[in-house]
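In what follows, a single structure is set out as structure tokens and then discussed.
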Amino acid sequence: MKSLIVLGTVTAALAFPLLVSQPTTAHASQYSAARANSVRLVWRRSMKAHQFHTMRGARYSKHLGTRYAYNRDNITWVTDAHEKLYNKRKHTSAIYYHVHTLYSPHGGWIWRGYLTPGGVEPKVSPTEAAQEKQEQVLVNDLHSLFPGTTMDQQLTNDADQITYPTDGVDAQYVTAGPGQKLIKFSCSGTPSNYLKTYDKLLTKQGYPAATRAKFKGCHIGISVQTDPDYYEGGSSLGDVAIFLGPAK
């Protein structure tokens, strides 16, 4: 899970119910053509970061076609965009906020009437804490294979969008920017075995030790997929993304 520090204020909420069906399994994103066709986009814009929390409703794709998950945990959501949808049958409109969490990249669009202003104290389970510690070990090991590089939070955030993509966005569409390099590969097995294979897999990708040494002085961002329960966006356990950029 990844940490982001964002502060903000909130706006008033409107009352407008989501169109939801009965829940099935927790690991299945639910697509509904009828739900997607029931609304029309009026506008969609970026917005400032504001904190909310909720245990009601669900998270959807931007046109409500796919339901990612129900909001069962009372966690802090941070906004970065909003949209207005027109309900063709009811002839009413509603505002949805696009949100992500403070402590992981999970996100989606939530009707703002379900969102309560303000954040909540995170509750990290022993399992989540162990996972974070394990992930940091793997990131540190990968970093050591690129001697002389500097960890960069923005590049790490970009790497997170590949290994922990939000809102069902396909990770293959995240690409390197001007002057950047992107390395992607996947390890088989379990996290306890990943450390033994990183050097070999990097070499297979065309980055042996001699090549990696040439990135000395560059900035680097690294993300490793270690959550066996993560199911958004098609990423899988063992995925690795590394962004390399010029010195700043």
Side-chain angles (χ1 to χ4, degrees), residues 1-90 92-123 157 160-161 164-170 227 229-235:
M1 296 187 293
K2 311 296 177 182
S3 296
L4 300 172
I5 301 175
V6 188
L7 297 178
T9 57
V10 296
T11 58
L14 297 176
F16 181 85
L18 283 172
L19 302 173
V20 297
S21 56
Q22 293 301 312
T24 55
T25 62
H27 291 243
S29 294
Q30 301 298 308
Y31 177 76
S32 169
R35 184 170 57 230
N37 293 329
S38 70
V39 297
R40 173 175 55 83
L41 176 66
V42 179
W43 51 257
R44 182 180 297 130
R45 309 184 186 108
S46 61
M47 68 181 294
K48 294 182 179 179
H50 304 284
Q51 292 187 4
F52 293 90
H53 64 278
T54 185
M55 292 183 69
R56 299 183 296 158
R59 302 191 306 279
Y60 291 84
S61 60
K62 58 189 176 183
H63 206 263
L64 305 188
T66 301
R67 183 182 66 239
Y68 299 130
Y70 288 93
N71 300 316
R72 304 189 189 281
D73 299 319
N74 199 15
I75 57 179
T76 298
W77 294 107
V78 182
T79 60
D80 56 27
H82 56 163
E83 66 180 10
K84 184 175 183 179
L85 297 178
Y86 176 75
N87 188 309
K88 300 174 183 178
R89 181 173 63 86
K90 295 184 177 181
T92 56
S93 297
I95 304 294
Y96 288 80
Y97 287 165
H98 183 264
V99 299
H100 59 81
T101 69
L102 283 170
Y103 298 97
S104 79
H106 292 274
W109 294 85
I110 302 176
W111 172 53
R112 71 176 183 179
Y114 282 143
L115 293 166
T116 300
V120 294
E121 286 295 322
K123 294 182 179 180
N157 292 345
D160 286 343
Q161 289 300 311
Y164 288 93
T166 58
D167 309 340
V169 175
D170 195 331
D227 186 351
D229 295 323
Y230 189 83
Y231 59 95
E232 293 183 39
S235 62

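For the atom pair OG (Ser32) and CZ (Arg67), the distance works out to 8.5 Å, reported to the nearest 0.5 Å.
Closest of all the heavy-atom pairs between Leu115 and Thr54 is CD2-CG2, 3.8 Å. Residues Lys90 and Asn87 approach most closely at N-OD1, 2.9 Å, considering heavy atoms.
Within the 4.5 Å cutoff, side-chain heavy atoms of Ile95 are placed close to those of Trp43. By the 4.5 Å heavy-atom criterion applied to side chains, Val78 and Val99 are not counted as neighbours.
Checked by atom type and distance alone, the side chain of Ser61 pairs as donor or acceptor with a backbone atom of Thr66 at under 3.5 Å. Distance alone, capped at 3.5 Å, places no donor-acceptor pair between the Lys88 side chain and the Arg40 backbone. Using modelled atom types, one side-chain atom of Arg35 and one backbone atom of Gly65 make a donor-acceptor pair closer than 3.5 Å. The backbone N or O of Val120 sits less than 3.5 Å from a side-chain atom of Thr76, completing a donor-acceptor pair. A donor-acceptor pair under 3.5 Å is formed between the side chain of Arg59 and the backbone N or O of Gly107. Judged purely by atom type and a 3.5 angstrom limit, Thr79 uses its side chain to pair as donor or acceptor with the backbone of Lys48. Proximity of a side-chain donor or acceptor of His53 to a complementary backbone N or O of Asn74 within less than 3.5 Å is not detected.
By the salt bridge (charged side-chain N to carboxylate O under 4.0 Å, His left out) test, Arg56 is found to be paired with no residue, residues two or more places apart in sequence or in another chain being considered. For Asp80, the side chain to side chain donor-acceptor pair (under 3.5 Å) partners at least two apart in sequence or on another chain are His98.
Checked options Trp77, Phe52, Trp109; the residue passing with Tyr97 is Phe52 (criterion: ring pair (Phe, Tyr, Trp, His ring centres under 6.0 Å)).
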